[in-house]
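These figures come from a predicted structure and were not determined experimentally. Only this structure's heavy atoms are used, side chains among them; waters, hydrogens and symmetry mates stay out.
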Amino acid sequence: QLQLVESGGGSVQPGGSLRLSCAASQSTLDGYAVGWFRQAPGKAREQISCIGKFGILKLYARSVKGRFTISRDKVENTVYLEINNLGPEDTAVYSCAAGRNVNQLLTNIQTLCVQDDFDSWGQGTQVTVSS
């Protein structure tokens with residue numbers, strides 16, 4: 001399993017932006033799909049985006065599509081999540097996860113990665129949106 005470390009969280013005002021990072025310490029993210037998840041207080045964990053091993057496949061939850069952008073940098077060994085036009089509903093702990101064999105899950109409203117296919121998880125970074 002990988003050791004994943006998230007960073008980039010913080011407190012922002014509504015309408016603000018952040019760039020979250022997910023890095024693998026002491027190992028490479030090559031060959032791994034990576035997903036971003038968030039969990040707000042009192043709510044279930046929600047997958048918001050995932051990116052395929054080669055960075056071509058990018059999937060987003062309907063709740064964030066158009067505002068969030070996922071990318072990966074092989075040289076930096078990091079997966080990024082740009083989050084824009086933030087609102088109070090985006091307040092949560094954001095975590096990343098990685099897996100070698102991650103499948104897609106199609107529903108009637110969106111296509112994301114299968115959460116159970118991720119086997120390495122980070123501790124998360126807090127994002128707080130308030131005025």
Side-chain angles (χ1 to χ4, degrees):
Q1 290 188 343
L2 301 177
Q3 289 185 322
L4 301 177
V5 180
E6 301 93 338
S7 61
S11 295
V12 296
Q13 293 184 338
S17 300
L18 288 170
R19 187 176 78 160
L20 308 183
S21 300
C22 172
S25 60
Q26 303 176 352
S27 55
T28 179
L29 281 173
D30 279 359
Y32 288 84
V34 175
W36 278 98
F37 299 77
R38 67 183 181 185
Q39 188 166 20
K43 294 188 177 181
R45 184 168 60 194
E46 171 192 17
Q47 184 183 157
I48 51 178
S49 184
C50 62
I51 188 167
K53 298 177 183 181
F54 305 108
I56 297 174
L57 177 68
K58 300 178 182 180
L59 303 173
Y60 299 93
R62 191 170 71 169
S63 59
V64 304
K65 198 168 187 178
R67 297 190 298 126
F68 290 15
T69 302
I70 193 169
S71 62
R72 63 190 304 159
D73 187 317
K74 183 175 181 177
V75 173
E76 296 294 328
N77 196 35
T78 300
V79 171
Y80 300 101
L81 186 70
E82 299 270 356
I83 52 179
N84 300 305
N85 194 22
L86 286 162
E89 69 278 7
D90 295 312
T91 294
V93 174
Y94 286 68
S95 303
C96 64
R100 280 195 174 276
N101 299 297
V102 176
N103 297 292
Q104 296 179 45
L105 175 65
L106 285 74
T107 69
N108 58 340
I109 61 171
Q110 62 194 14
T111 302
L112 286 169
C113 293
V114 176
Q115 180 170 316
D116 288 346
D117 289 344
F118 293 102
D119 52 23
S120 298
W121 292 82
Q123 294 297 310
T125 184
Q126 176 71 46
V127 172
T128 303
V129 185
S130 69
S131 55

Please report the closest heavy-atom contact between [X] and [Y], naming both atoms and the distance.
X	Y	result
Gln47	Cys113	NE2-O, 2.7 Å
Gly99	Phe118	N-CD2, 3.8 Å
Arg45	Gln39	N-NE2, 3.8 Å
Leu29	Ala24	CG-CB, 3.8 Å
Tyr32	Arg72	O-NH1, 2.8 Å
Thr91	Ala40	O-CB, 3.5 Å

Once rounded to the nearest 0.5 Å, what's the spacing between atom [atom1] of [X] and atom [atom2] of [Y]?
X	Y	atom1	atom2	result
Ser25	Leu2	OG	CG	8.5 Å
Leu4	Ser120	CG	OG	5.5 Å
Leu20	Glu82	CG	CD	8.5 Å
Ser49	Arg38	OG	CZ	11.0 Å
Leu18	Tyr80	CG	OH	14.5 Å

Please test Thr125 against Ser7 for side chain to side chain contact (heavy atoms under 4.5 Å, CB included), starting from the C-alpha separation and ending with a verdict.
CA-CA 6 Å; Thr125 184; Ser7 61; 5.6 Å; no
Only one of Leu112, Asp117, Leu57 forms a side-chain contact (heavy atoms from CB on, under 4.5 Å) with Gln104, so which one is it?
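When Leu112, Asp117, Leu57 are each tested with Gln104, the side-chain contact (heavy atoms from CB on, under 4.5 Å) holds only for Leu57.
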Please say which of Thr69, Ile83, Ile48, Leu81 ends up in a side-chain contact (heavy atoms from CB on, under 4.5 Å) with Val64.
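When Thr69, Ile83, Ile48, Leu81 are each tested with Val64, the side-chain contact (heavy atoms from CB on, under 4.5 Å) holds only for Ile48.
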Quick check, are the ring centers of Phe37 and Trp121 under 6.0 angstrom apart?
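Yes: the rings meet the under 6.0 Å criterion.
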In one Ile/Leu/Val/Met/Phe/Trp/Tyr side-chain cluster, 4.5 Å: Val12, Tyr94:
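Per the 4.5 Å side-chain linkage, Val12 and Tyr94 are co-clustered.
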Excluding sequence neighbours, so at least two apart, what forms side chain to side chain donor-acceptor pair (under 3.5 Å) with Arg67?
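Only Asp90 meet the side chain to side chain donor-acceptor pair (under 3.5 Å) criterion with Arg67.
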Could you check whether any side-chain N or O of Asp119 sits under 3.5 Å from a backbone N or O of Gln1, counting only pairs where one atom can act as donor and the other as acceptor?
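No: the side chain of Asp119 does not pair with the backbone of Gln1.
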With side chains defined as the heavy atoms from C-beta onward, is the minimum distance between [X] and [Y] less than 4.5 Å?
X	Y	value
Val127	Val129	yes
Gln110	Lys65	no
Glu6	Ser95	yes

Check whether more than 12 heavy atoms from other residues, nucleotides or ligands sit under 6.0 Å from atom [atom1] of [X], and answer yes or no.
X	atom1	value
Lys58	NZ	yes
Gln123	CD	no
Gln13	CD	no

Side chains of Ser63 and Glu46, donor plus acceptor under 3.5 Å
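Checked: Ser63/Glu46 side chains pair up, N/O donor to acceptor below 3.5 Å.
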